Amino acid sequence: MTSDQPLRHNRDFVLLWSGSAVSIAGSTASTVAVPLLVLAVTGSAGSAGLAGFAALLPMLVLPVPAGVLVDRYDRKKLMLWCDVVRGVGAASIVTALLLGCLTVTQIVLVGLVEGSLSVVHELAGHAAVPNLVPDGRLTEALSMAEARERGATMVGTPLGGVLFGLARALPFLFDAVSYLVSAVTLLLIRKDFQRPAATDPEQPREPALPQLAAGFRWLWRQPFLRTAALAVAGSNLLFRALFLAVLVLSRTLGASPAAIGVLLGVAGGGGLLGSLAASWCQRRLPLRTVVIGANWLWALLALGIAVTHNLYLLGALYALMWFVGPIWNVAVATQQLRTTPDRLQGRVLGASALLSGGALPLGSLAGGLLLQYAGTATTLAVLAGWMVLLAAGVTLAAPVRRAGDPQPRSDGAQPGSTQPGSPPPDSTKAETPHALPTPN
């Protein structure tokens, strides 16, 4: 493949993209169905919350050790085993429903296993793409990956409810089949998912603890990526709290549950449009402009949400916030994957995911407490103020202002020491939509 050829002619990337799209839709459908199933089986909202917590817990505790696995073992085989085991787990729910012996314990265990393996599968897939597409198509690959995840989620969310309404087992059957489709597409891919040096059995391997820290260590030594990771963590605090605040404000403005669903659907559509526009923006806007501009747009939109008393305007402002997210995602992820050595891709992705994902539960907790004790208006004002301060900090950060400037390199430069804007140091090419998972 050359950078002149469109990605639709890249057989291996199309296979990975398609299989992942089906798998994400299946996972989303079953995620929607799980609380409905637990409520139907037990009538307990607490049990439904426990099942959801078990499925999400791995996102908080597993990214870093999963990154070690992704760098140490064959990524394609890891993804295949993840698909097989997750498919068996979904099929076990179907079987138990048909036999009438399903328990909450089984639902929780399957959710925990599926969530854990999904972390590994996602990191491996993201780390693999630089080896499947040419560097000149990196931004396009990132944009397509963003569109895939958002589009598949938009399809899977209502589909889960519809299938559950037809028969309780159907969402989980669809999930099991989606993992089978993903596994088949992986088997058809011809290219290697990592450079040979990354899995050379003759290379001495580091002890476990230094391997766990390697991703954080490398990320912290990159001024721009370090600043971007901290900015994402800070904005994710805002966005998770803002999600709760928007729901409460919508109800205050008289929105019905159906109307709130439409509002969130429109926001998801904004994210999908943003993912389609990300490649265009990446080609025409400097990296520093995207990073600084995205944060100020979020700040201005947050201020607009804080003062609006119109439901339609609220929906439009919130959708615009979602639109900006993929543009940031693609710009920062492109820079990270171009500069990260292939042998460290999984661990750096894991470190980034932990920093950004770890902020989500904290933001949810902070938002809930603010709404309960300070009220909706005060909460929105605090969140808008926080985003303004964050945008100002990003603007003043020297690594962000220098992003995209050519940096001279000496002959003794070490792999991974490249500054933002300079050529890739370790010759890995291109991608992950969530190298730094951004607020949506």
Side-chain angles (χ1 to χ4, degrees), residues 1 3 6-28 59 63 70 75-76 79 82-83 118-156 178 181-182 185-186 189 191 193-194 232 268-283 290 322-338 340 342 345-346 348-350 352-353 356-357 428-440:
M1 287 292 297
S3 59
L7 284 180
R8 66 177 179 273
H9 293 156
N10 185 328
R11 174 183 177 277
D12 291 332
F13 176 76
V14 170
L15 284 169
L16 180 64
W17 189 95
S18 304
S20 295
V22 175
S23 176
I24 293 169
S27 298
T28 304
M59 296 176 63
V70 166
R75 293 166 185 165
K76 183 176 179 179
M79 294 177 73
C82 288
D83 280 335
S118 293
V119 171
V120 178
H121 190 280
E122 183 177 358
L123 288 180
H126 293 167
V129 177
N131 299 285
L132 301 182
V133 304
D135 186 66
R137 291 290 177 178
L138 171 59
T139 300
E140 184 182 351
L142 285 166
S143 298
M144 290 180 63
E146 283 281 349
R148 173 197 65 199
E149 298 205 9
R150 295 169 189 275
T153 301
M154 287 180 65
V155 170
S178 75
V181 171
S182 177
T185 58
L186 287 171
I189 295 174
K191 291 181 182 177
F193 280 28
Q194 62 230 91
V232 168
L272 180 59
L273 292 175
S275 67
L276 298 176
S279 181
W280 185 92
C281 294
Q282 177 78 355
R283 291 194 302 269
V290 172
W322 280 55
F323 177 86
V324 176
I327 298 172
W328 160 286
N329 244 359
V330 170
V332 176
T334 299
Q335 182 63 31
Q336 178 171 317
L337 282 168
R338 278 180 171 162
T340 304
D342 187 70
Q345 287 283 13
V348 173
L349 290 172
S352 300
S356 57
T428 357
K429 313 295 181 187
E431 151 8 64
T432 178
H434 295 298
L436 290 171
T438 71
N440 292 324

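This is a predicted model, so every value here is computed, not measured. Side chains included, hydrogens not; waters and symmetry mates left out as well; all remaining heavy atoms used.
- Considering every non-hydrogen atom in both Thr185 and Gly19, the closest pair reads OG1-CA, 3.5 Å.
- Between the CZ atom of Arg148 and the CG atom of Leu272 there is a distance of 13.0 Å, given to the nearest 0.5 Å.
- For residues 268-280, the set of pairs meeting the side-chain hydrogen bond (donor to acceptor under 3.5 Å, both in side chains) definition, not counting sequence neighbours, comprises Ser279-Arg283.
- Contact detail for Thr28 and Gly156: the closest heavy-atom pair is CG2-C, 3.7 Å.
- Once rounded to the nearest 0.5 Å, the distance linking CZ of Arg75 with NE2 of His121 reads 13.5 Å.
- A donor-acceptor pair under 3.5 Å is absent between the side-chain atoms of Glu149 and the main chain of Ile24, judged by distance alone.
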>> What verdict does the side-chain contact (heavy atoms from CB on, under 4.5 Å) test give for Leu186 and Phe193, after you've listed the backbone C-alpha separation in whole Å, the side-chain angles of each residue and the deciding distance to 0.1 Å?
In response: CA-CA 10 Å; Leu186 287 171; Phe193 280 28; 3.9 Å; yes
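- In this structure, the separation between CD1 on Ile189 and CG on Leu16 is 4.5 Å, given to the nearest 0.5 Å.
- For the atom pair Leu276 CG and Cys281 SG, the distance stands at 11.0 Å (nearest 0.5 Å).
- The minimum heavy-atom distance linking Ala141 with Val129 is given by the pair CB-CG1, 4.4 Å.
- Checked by atom type and distance alone, the side chain of Asn131 never pairs as donor or acceptor with a backbone atom of Lys191 at under 3.5 Å.
- By the side-chain contact (heavy atoms from CB on, under 4.5 Å) test, Ser27 pairs with Ser23, Glu114, Asp175, Tyr179, sequence neighbours left out.
- Annotation: side-chain contact (heavy atoms from CB on, under 4.5 Å) contacts of Ala277 (sequence neighbours excluded): Phe323.
- When the side chain to side chain donor-acceptor pair (under 3.5 Å) test is applied to Ser118, the partners found at least two apart in sequence or on another chain are Arg86.
- Summarising the geometry, atom CG belonging to Leu132 is positioned 11.5 Å from atom CZ belonging to Arg11; distances are rounded to the nearest 0.5 Å.
- The minimum heavy-atom distance between Asp83 and Ser182, with the atom names listed, is OD2-OG, 2.8 Å.
- Residues Pro326 and Gly271 share a closest heavy-atom pair of CG-O, 3.2 Å.
- Of all non-hydrogen atoms in Ile327 and Val290, the two that sit nearest each other are O-CG1, 3.8 Å.
- Atom CD of Glu140 and atom OG of Ser143 lie 7.5 Å apart (nearest 0.5 Å).
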